[in-house]
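Down below is the structure, laid out as C-alpha cells.
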Protein chains: 2
Amino acid sequence: MTPPPAKKRPTIDDVARVAGVSRGTVSRVLTGGHWVSPDASAAVTAAIAETGYRVNPHARSLATSKANSVAFLLTESYERLFDDPNFAILLRGASTALAQSDIPLVLLMAGNEAEQRRATEFITGGHVDGVLLVSSHQGRQDFLPEISRAGVPAISCGIPLGFERKIGYVAADDFSGAQEMVRYLRSIGRTRIGTVAGPQDTSGGLSRLRGYRDELGDDVVEDRIAYGDYGFASGERAMHELLERAPDIDAVFVGNDLMARGAIKAIESTGRRVPEDIAVGGFDDSPAALDGSPTITTMRQPFERISQEMVRLLLAAIAGEATAAMTIPTQLVRRESA
Amino acid sequence: MTPPPAKKRPTIDDVARVAGVSRGTVSRVLTGGHWVSPDASAAVTAAIAETGYRVNPHARSLATSKANSVAFLLTESYERLFDDPNFAILLRGASTALAQSDIPLVLLMAGNEAEQRRATEFITGGHVDGVLLVSSHQGRQDFLPEISRAGVPAISCGIPLGFERKIGYVAADDFSGAQEMVRYLRSIGRTRIGTVAGPQDTSGGLSRLRGYRDELGDDVVEDRIAYGDYGFASGERAMHELLERAPDIDAVFVGNDLMARGAIKAIESTGRRVPEDIAVGGFDDSPAALDGSPTITTMRQPFERISQEMVRLLLAAIAGEATAAMTIPTQLVRRESA
DNA sequence: CTGAAAGCGCTTACAG
DNA sequence: CTGAAAGCGCTTACAG
C-alpha cells in the first residue's frame, strides 16, 4: 500500500512490499510463475501494474549469467553490404524471429581486422549468448576458433568453409539451384551457356559454379567462364570479358542478380538484346532482379526461411542442444531475361 | 601468484589477489586509472594479462546503471527497408562511429505497431542509454513521447515531424538540395520540369517538393507533379502518370534515386530517351544511381556524415549536454541522366 | 507454496 | 593513493 519511492524506478522490493509477499515470490512469478499460489501470483501481478515495475535487465543478467541477447555478426566489406540487399533481408528475418522470443539483436559489423578483433572481444566478453554469423568470404573467419573456445554458440549463414564440422549452419542449396538454372536455360533452347561465377572463396560462389559444371558435363567450355565479386560493376566487366572470349554464347548463368544486372548492361552496350540474343539467369531473387529492365529470371533463395532456421538452431544451441546443419532448396522464378 | 580458479571466468577478485592489491584499486584502474599509483597500476595491468580477466558487462551496468549501448530504432515498412540502401549506409555509419567509443549498436526494427510497443518497452526498460531514430514517416512515432518521458535521449535522422523542438536531429538540407537540382536542370536548357515527389508525410518528401516549388516559382504547373512512395515501382507508375498528364515535359526531378530508376524505365518504355528527350535528376546518390543504365545525376546526401553527427549528438546528450539540431548540405553529382 | 539469505561481479563514496 | 564496506537489483538453492 505504501506508494513507491518518488523518483527512482521501482524495484522488486517495491513490488514485494505492495503485494505483501517476499522478494523471492515476486521473482518466481517474474521467471515463469511456477511454484506460486494463485493468490500470491495475482497480488504480485497487481502490484507490478500498480508500481509500473520493470525488471532490470542488468541485474537479471548478473544473477543468471545470461545476456538474453544475440549478436548478428557481419564480416563483409562495406561495398558489398550496401549493394547487396540480401543482408538486409537476413537481418530483418533474424530480428523478427528473435523478437518472438523477446531477444534483442546486437548488430556487429566487422569489415576489417580491427573491427573483427573488437567484435570477438565483445562476443567472448559475455555481452551475448550466441552469434548469427554472416560472412561469406573465407579468411574472414579467423575469429571463429576463439569464439567457439569461449563456448559461445554460433550458427553460420551458408557453409562456413573450413569449419563445416565445428559450427552449425543453414545454407541454400546452391549446387542444385545452379543445376536447375542451367537445365532451364537448355530447356528454352540455349546451347552455348556461359557463366559469370561469384567469388571462389565463398561457399555460394563455389557451389554454384560446381552446379553449372556438373549440369553441363562434357559441354563445359572454359572460355565461357568468367568471375566476378558479386558486385554490379564486376558483373559488367566479366560479361564484357565473356563476350570477347566467347562471342557466340546464347545464354549466361550469373552468380547473383546484381552481377546479372551488370551483365545485362554489358550485353546491351554491344547492341545485343536480352533475352533474344543472350538469355540471362541470375541467383538470389533480390530486389535487383525486379528493379530494372528487363526483370531477371533467377533462383530464389528463401532468406526469410534461412534466417528463421538460423535463429531456431541458435536458440537450441544456447539451450544446450547439439548443433546442426541444414540445406534449403531454391526455386526458379521466371521473368523477362530468360 | 595463486593460479586463477579452474573453469570459471576470472573476476576482479582474482585480479586483485594476483596483483596484491584490493578490489577497489583494480576497479579504479579499470575505470580510468586515476588515483592509482604507477606501481599499483602496473601490477594490476600485469595481473589482468596473466589471468585473462575481462570485465563482466552486466555487473558493471548494474553498479553504474548505464547500459553502455545504444539502440538504432528503425520504424519503416520492410519493403522500403530492403529497397533503400540508405538505411544500410546509415547503419554502417552509426555502427562505425559508435565502435570508436566501444559502444555496441542494438538494432531494433519496428515496422508495425506491435513491434513498436516491444521496442519502446525495450528502450524504456533500461537496455540502452540512448536511441538513434530512423523513421521517416510521421505517425510512426507515437512512441516518442514515451521514450522522452522515460528520460532516454534520442536523436532523429531527418526532422522528426511534430517533435522538432522536443528531440534533436540531423538532417540533410533537402530544401536547398531540391532547389539546386531544379536550377541545374534549367541550366542545361530544360524549361518544362516535372517532379515525382516522395511521400508527403516525411520531412524529406515534403522539403524536396517545397524546394522544387520555390525554385520554379511562377513556372510551377500542377500537372507536372506526381507522387511516389520512394520505391522503384512507384517511380515507374508516377512517371507514366506524368507522361500522360504532361507529355511535353523535358526534365523531371525525382525525389530519390530508386524512384528515378523506375521513372527511367517508364520513360524508355514510351520510346523516349534519357537524357535526350527527358533529363532525369534524382536524390540520395545511393547505389541505385550507379547500378544501372544510364547512371543517374543526383543530389548526394552525406549519410556517413549524418550518422557520425547523430552519434556525436547522442553521446553528448547521454553525457548530459543539451540536445541540438543540425542541417547538412547536399551536393550535386553529375552523371548520364541529366 | 513461501521466506530468509547468500551470491552474481562490479563501482563508489568514505575514511584514512 | 588505498582498503573495507555498502550497494546496484535480481535469482536460486535451502529450509520449512
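Chain identifiers are assigned alphabetically (A, B, ...) following the order of the sequence lines, protein sequences preceding nucleic acid strands; residue numbering begins at 1 within each chain. Since the structure is predicted, the reported quantities are computational estimates derived from the model, not experimental observations. Both backbone and side-chain heavy atoms feed into the values below; hydrogens, waters and symmetry mates do not.
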> How many Å lie between CD1 on B:Ile12 and P on C:dT12, as a whole number?
Replying inline: 11 Å
> Does B:Ala59 or B:Trp35 map to a spot on DNA chain D nearer the 5' end, using the closest nucleotide for each?
Replying inline: B:Trp35
>> If I take atom CZ in residue B:Arg23 and atom P in nucleotide C:dT11, what distance separates them, rounded to the nearest angstrom?
In response: 10 Å
>> Is the phosphate of D:dG3 approached by B:Ser22 (side-chain N or O, under 4.0 Å from OP1 or OP2)?
In response: yes
> Pick the nucleotide of DNA chain C nearest each of A:Gly24 and B:Arg54; which residue has the one closer to the 5' end?
Replying inline: A:Gly24
> What distance, rounded to whole Å, do you find between the two P atoms, one in D:dT2 and one in D:dA6?
Replying inline: 22 Å
>> Whole angstroms only, please: what is the CZ-C1' distance between A:Arg9 and D:dG9?
In response: 10 Å
>> Only pairs with both distances under 3.5 Å count, Watson-Crick or wobble alike; so what is the partner of C:dG16 in this structure?
In response: D:dC1
> Starting at NZ of A:Lys66 and ending at P of D:dG9, how long is that distance when rounded to a whole Å?
Replying inline: 23 Å
>> Using a strict threshold of under 4.0 Å (side-chain N to carboxylate O), is an ion pair present between B:Arg312 and B:Glu309?
In response: yes
>> Nearest whole Å is fine: how far is C:dG9 C1' from B:Leu30 CG?
In response: 11 Å
> If we take the P atom in both C:dG9 and C:dA13, what is their distance in whole Å?
Replying inline: 23 Å
>> Quick check on C:dT11: is either OP1 or OP2 less than 4.0 Å from any side-chain nitrogen or oxygen of B:Ser27?
In response: yes
> Within the pair A:Ser37 and C:dT2, is there a side-chain N or O less than 4.0 Å away from OP1 or OP2?
Replying inline: yes
> Salt bridge between A:Arg117 and A:Glu121, side-chain N to carboxylate O under 4.0 Å?
Replying inline: no
>> Need one value for B:Thr31: base, sugar-phosphate or nothing, where a base atom within 4.0 Å counts as base even if backbone is also close, heavy atoms only.
In response: sugar-phosphate
> Between CZ of A:Arg60 and CG of A:Leu30, what distance do you get to the nearest 0.5 Å?
Replying inline: 5.5 Å
>> For a 4.5 angstrom cut-off between non-hydrogen side-chain atoms, does B:Leu315 reach B:Ile103?
In response: yes
>> Rounded to whole Å, how long is the line connecting atom CZ of B:Arg17 with atom P of D:dG3?
In response: 15 Å
> Whole-Å distance between D:dC8 P and B:Asn56 CG?
Replying inline: 18 Å
> Roughly, in whole Å, what's the span from NE2 in A:His58 to C1' in C:dC10?
Replying inline: 13 Å
>> Could you measure the distance from the SG atom of B:Cys157 to the CG atom of B:Leu74? Nearest 0.5 Å is fine.
In response: 10.0 Å
